[in-house]
Amino acid sequence: MDSKYNPQEIEPKWQSFWEKERVFEVEVDKSKEKYYLLEMFPYPSGRLHMGHVRNYSIGDVVSRYKVMRGFNVLHPMGWDAFGLPAENAALENRVHPNEWTRRNIDYMRGQLKRLGYSYDWRREFATCDPEYYKWEQAVFIDMLEKGLVEKQKAWVNWCDKCNTVLANEQVEDGYCWRHGDTLVRQKELSQWFFKITRYAEELLEWTEKLPGWPEKVLLMQRNWIGKSVGSMIHFKLERPYPDPETDGEIDRVVVYTTRPDTLFGATFMSLAAEHPYCEILSRGTDREKAVREFCDRVRSEDKIKRSAEDYEKEGTFTGAYCINPMTGRRMPIYVANFVLMEYGTGAVMAVPAHDQRDFEFSRVYGLDIVPVVQPPGQEALEASAMTEAYEEPGVMMNSGEYDGMDSLEFKKVITDRLARENRGGASTHYRLRDWLISRQRFWGAPIPVVHCPECGVVPVPKDQLPVALPAEVEFDFEVGNPLPRLDWWINVDCPKCGRPARRETDTMDTFVESSWYYERYASPHCDTAPFDDGEVHYWLPVDQYIGGIEHAVLHLLYSRFFTKVLRDLGYVKFDEPFTRLLTQGMVLKESVKCPEHGYQFPQEVKDYKCPVCGKDVEIGRKEKMSKSKKNTVDPEEMVKTFGADTVRLYLLFEAPPNKEIDWSENRIQGPNRFIHRVWNLAVSRVEKIKDVSASDAAKYDFLAGPSDEKELFIKTHETARDVTDRIERWTFNTAISALMEQFNALADFDLEGGDDPARRKVLFRWSLERFLAMLGPFCPHLAEEIWSALGAKESAFHLAWPDFDEAMTARDTFELVIQVNGKVRARVNAPVDAKKEELEKIALANERIQDFIKGREIRKVIAVPNKLVNVVV
RNA sequence: GCCCGGAUGGCGGAAUUGGUAGACGCAGCGGACUUAAAAUCCGCUAUGGUUAUCCAUGUGCCGGUUCAAGUCCGGCUCCGGGCACCA
């Protein structure tokens, strides 16, 4: 060993050793219990960021730990390689996105290897490999045939910057998830959808059966699915209207409500601006122009404005009326700006007495308020006296024969009656919408269908897959997405009739690729099917998945859906992809902003002055590292300065995995110093213990030896217990602090003292070896280096995890705490397992305690064996 | 508005089922080594009290249960996150 710790030298050495010895390669082995550990794969943006390093360092601890515990561990890595940044880079640099992507992958693979992660690199693939998306296209065709994918005309989200549509899950607060500054517009377009709504109930039910997931994520998914139980109610129109779609007639408006009990109080009807009836009902009347103008205006407003809290409730009368099925009342039909087309039927029965929005609306437009639910135990509501809607349950009133009935009970009664009379019935709704998966972009998996003027939509036959992206394409800002212009690529013969047809030019949402990549890792090179049956059912489901909380309803919901689809298509036999999930905390850093020059790199800011102009800067709060805020720290720089082991140890020691980390250059000194101390201790001791073997430790009874030997022996056992426990409980920061304690004990242990030098050496070596074994998952290079300096020929990767024997930690005395009235007044040594009575005797005999109880009456003495005695006076 | 989390020294964080609050580390202070600095090593470090091995106070606030509360119960405050005109 060099006297100086030099990670730049030892880390690459061990990395190539692991690669050469194929240490991390795994195969199906039915004699061993499998463990599939997965971290969310990265988008190859160019360089790893600190969040990646944290994610993968957490995973690597568990992976290496499970190997040492005897599991057959699958730990793969790959690339989420399709997506917009590659395409934008292509436009800017006029290179094919593939070239940009591959270059980034090569670079980032190198970065991952320099961090020493235990991946089986033979299983690596990128989602932009045609051998990968070929199988995605095959599944798409299966789904098409099963009716799980459909082209629908709908109002969809459009981002002007992405130049494409977006799924609901990709719209955050009305803004594009990629471009936080770009408002999403609504456009009516014909697009491809995955029928995820068919799985709404199953996806919801299974959230109750995933105990290994954080409750928070399950809750977010439940909210997103948004189940509500209510009724459909038909309202007859006053007169029929012609239906332009079917050439038939429209005679009713159907609404969905969770408050059928308030039906007697429905005094008008509200339609969404996107509702087709707005036009139909007003056509040819004097309301036509006003309705069209109102609808156009509302529709052109962006989502964020429409969902703002102070968005004023507005509407306009369509000129049409419908009839309340219970009261026969003539109800005017309005278009209202607060009614959403995407929820329920886009039409709402308005009950101003019992819905605050309807109440406000009725005030503005002078519509009748009829209370039908009476607050229990209070006087009946009086419409003229109401200042707000009464939304709670109560007792029915103004509801004919049902007056006096409990409103909750009435819900069932009225729904049953409507169903019996064919005027409605029970209905369940979900907030979840179908997943819009088509994108008007080049760099994605092509949707494998052709459009034939004769046969319509025709899937590409499976033996002609993949429908590969063209390799020879010019990229130009003026043109944008080149795909729709590539006549040679688009013009094909219809696979069905052979006549000229056109290829679909939309590609799939990149979230489709990430919905099943983890299943492909089981047999990444299988070329006859998406998965090899034996492999996928040996390894899957993923036992532990680790990634960011930001995917709580995106990737994690899509993946659950896709797995269920694959199951129903007969590809897999399990229901859920991820048994356990850890959402790791983000790595944060404060941002620094100059009022004139915007965000600045904190490390370039001195004395709170802008490095450009010298003006005072604002120190922002700690937030997620991002390029736009310039608050990033490049992990590669950190690895160059401190070494991979130190960066890993810092990220693991700073906080528990699920908590945020405030990046601090200061605090990396702790782990850095610890690693140097470990190195220095090894350098100074290795030669002295070379001639003894740790296995001789079994020959000695250290518990009977000198007290310092006994203490090190017990500490070593206790550390095995604590580190194991804490890894199992996912608090790696405290696992590391336990290792630090054992190290401190090792460093304090005097190798020279005692009566039997050989025994001391054996003890020290045995303790050091166990320490190194447990250090391995955290600092693998350091552990390997010292392990080999001790004479080992095998990799420390395959060491057995230190066992723990309770009997080996048996001390014969403990520190007894003596309290008077619950306050600690003395500590004395007492024999372990002393009886309560003995402890009481010891406590009362103590001089200091006697001072405290002198002249006072002892009311009670409580003794807790091996802990404390409390004297109550 | 609704639903989840949180709140412990100057800082990150410990404290399995109520039983020694502050493990481990950072920063700080003092000392050793050094011509000097860095590094390293040793010691101190919750707050207050004329800082002895003593006393008092102390885990966001108010109250309760208990021999004993960071931990349990009731009522708040603040912070973070998710959802939100969902009929």
Side-chain angles (χ1 to χ4, degrees), chain A residues 4 172-173 214-224 226-228 230-231 233 255-260 262 266 270 272 306-313 336-340 342-351 354-358 360-361 391 429-431 549 552-553 621 649-650 653-656 658-674 676-677 680 722 725-726 728-729 731 733-741 743-744 747 815-827 848 859-864 866-873:
Chain A
K4 198 173 177 306
E172 294 171 353
D173 273 350
E215 191 54 30
K216 184 183 177 175
V217 173
L218 295 172
L219 216 73
M220 281 165 74
Q221 294 210 351
R222 277 177 215 137
N223 286 342
W224 189 262
K227 182 177 182 174
S228 92
S231 310
I233 304 177
V255 306
Y256 170 73
T257 180
T258 53
R259 294 296 305 273
T262 63
S270 307
R306 287 180 73 174
S307 61
E309 210 152 320
D310 53 358
Y311 190 54
E312 208 172 306
K313 288 177 184 41
N337 62 356
F338 62 88
V339 180
L340 306 173
E342 57 270 25
Y343 190 79
T345 62
V348 185
M349 73 172 198
V351 186
H354 304 291
D355 181 287
Q356 188 59 24
R357 291 156 306 176
D358 297 342
E360 287 168 28
F361 195 85
E391 296 184 332
H429 274 255
Y430 301 89
R431 213 186 67 107
I549 183 86
V553 285
R621 68 184 174 109
L649 193 66
Y650 165 74
F653 181 60
E654 188 65 358
N658 57 354
K659 272 198 78 166
E660 274 137 28
I661 286 181
D662 294 342
W663 178 269
S664 157
E665 209 100 351
N666 257 346
R667 267 195 290 272
I668 202 171
Q669 286 308 334
N672 186 39
R673 209 169 282 158
F674 173 70
H676 276 89
R677 292 180 71 208
N680 293 338
D722 292 348
D725 234 46
R726 292 166 187 188
E728 294 286 348
R729 280 166 45 216
T731 54
N733 55 331
T734 55
I736 293 165
S737 67
L739 282 170
M740 286 174 166
E741 286 186 47
F743 173 79
N744 290 340
E815 192 184 52
L816 175 70
V817 168
I818 309 172
Q819 300 177 324
V820 178
N821 285 349
K823 288 188 181 169
V824 180
R825 296 300 181 188
R827 295 150 204 261
R848 281 186 37 75
R859 294 188 14 213
K860 208 194 248 184
V861 179
I862 288 134
V864 183
N866 294 329
K867 279 225 167 84
L868 52 71
V869 174
N870 188 10
V871 183
V872 186
V873 295

Counterpart residues, ring-ring contact (aromatic ring centres under 6.0 Å, His included), relative to [X] (two or more places apart):
| X | result |
| --- | --- |
| A:F361 | A:F268, A:Y334, A:F338, A:Y365 |
| A:W224 | none |
| A:F674 | A:F743 |

List every contact pair, protein side and nucleotides 37-45 of chain B side both N or O, where the distance is under 3.5 Å.
| unit_1 | atom_1 | unit_2 | atom_2 | d |
| --- | --- | --- | --- | --- |
| B:C41 | OP1 | A:R677 | NE | 3.1 |

- [ ] Answer yes or no: is there an ion pair linking A:E215 with A:R222, defined by an N-O contact shorter than 4.0 Å?
- [x] yes
Which residues satisfy the side-chain contact (heavy atoms from CB on, under 4.5 Å) test with [X], sequence neighbours excluded?
| X | result |
| --- | --- |
| A:V824 | A:V817, A:Q819, A:R827 |
| A:D725 | A:R729 |
| A:N744 | A:R677 |

Open item on the list: Measuring from atom CG of A:L649 to atom CD of A:E654, what distance do you get when rounded to the nearest 0.5 angstrom?
Closed with: 10.5 Å
Each nucleotide N or O in nucleotides 81-83 of chain B that has a protein N or O under 3.5 Å away: list the pair and distance.
| unit_1 | atom_1 | unit_2 | atom_2 | d |
| --- | --- | --- | --- | --- |
| B:C83 | O3' | A:R431 | NH1 | 3.4 |

Open item on the list: B:A87, OP1 or OP2 - any side-chain N/O from A:Y343 closer than 4.0 Å?
Closed with: yes
- [ ] Dot-bracket for RNA chain B, please, read 5' to 3', with Watson-Crick or G-U wobble pairs under 3.5 Å on both distances, ( ) within the strand, [ ] crossing, | other strand, . unpaired.
- [x] (((((((..(((......[....))).(((((.......))))).((((....))))..(((((..]....))))))))))))....
Open item on the list: Applying salt bridge (charged side-chain N to carboxylate O under 4.0 Å, His left out), can you list everything that pairs with A:E665, at least two apart in sequence or on another chain?
Closed with: none
TODO: Not counting sequence neighbours, which residues clear salt bridge (charged side-chain N to carboxylate O under 4.0 Å, His left out) with A:R431? List them please.
DONE: none
Open item on the list: For A:Y256 and A:Y343, take the angle between the two ring planes, folded into 0 to 90°, and tell me which bin it lands in: parallel under 30, tilted 30 to 60, perpendicular over 60.
Closed with: perpendicular
Using atom names, set out every protein N or O paired with an N or O of nucleotides 18-20 of chain B below 3.5 Å, distance rounded to 0.1 Å.
| unit_1 | atom_1 | unit_2 | atom_2 | d |
| --- | --- | --- | --- | --- |
| B:U20 | O2 | A:R827 | NH1 | 2.1 |

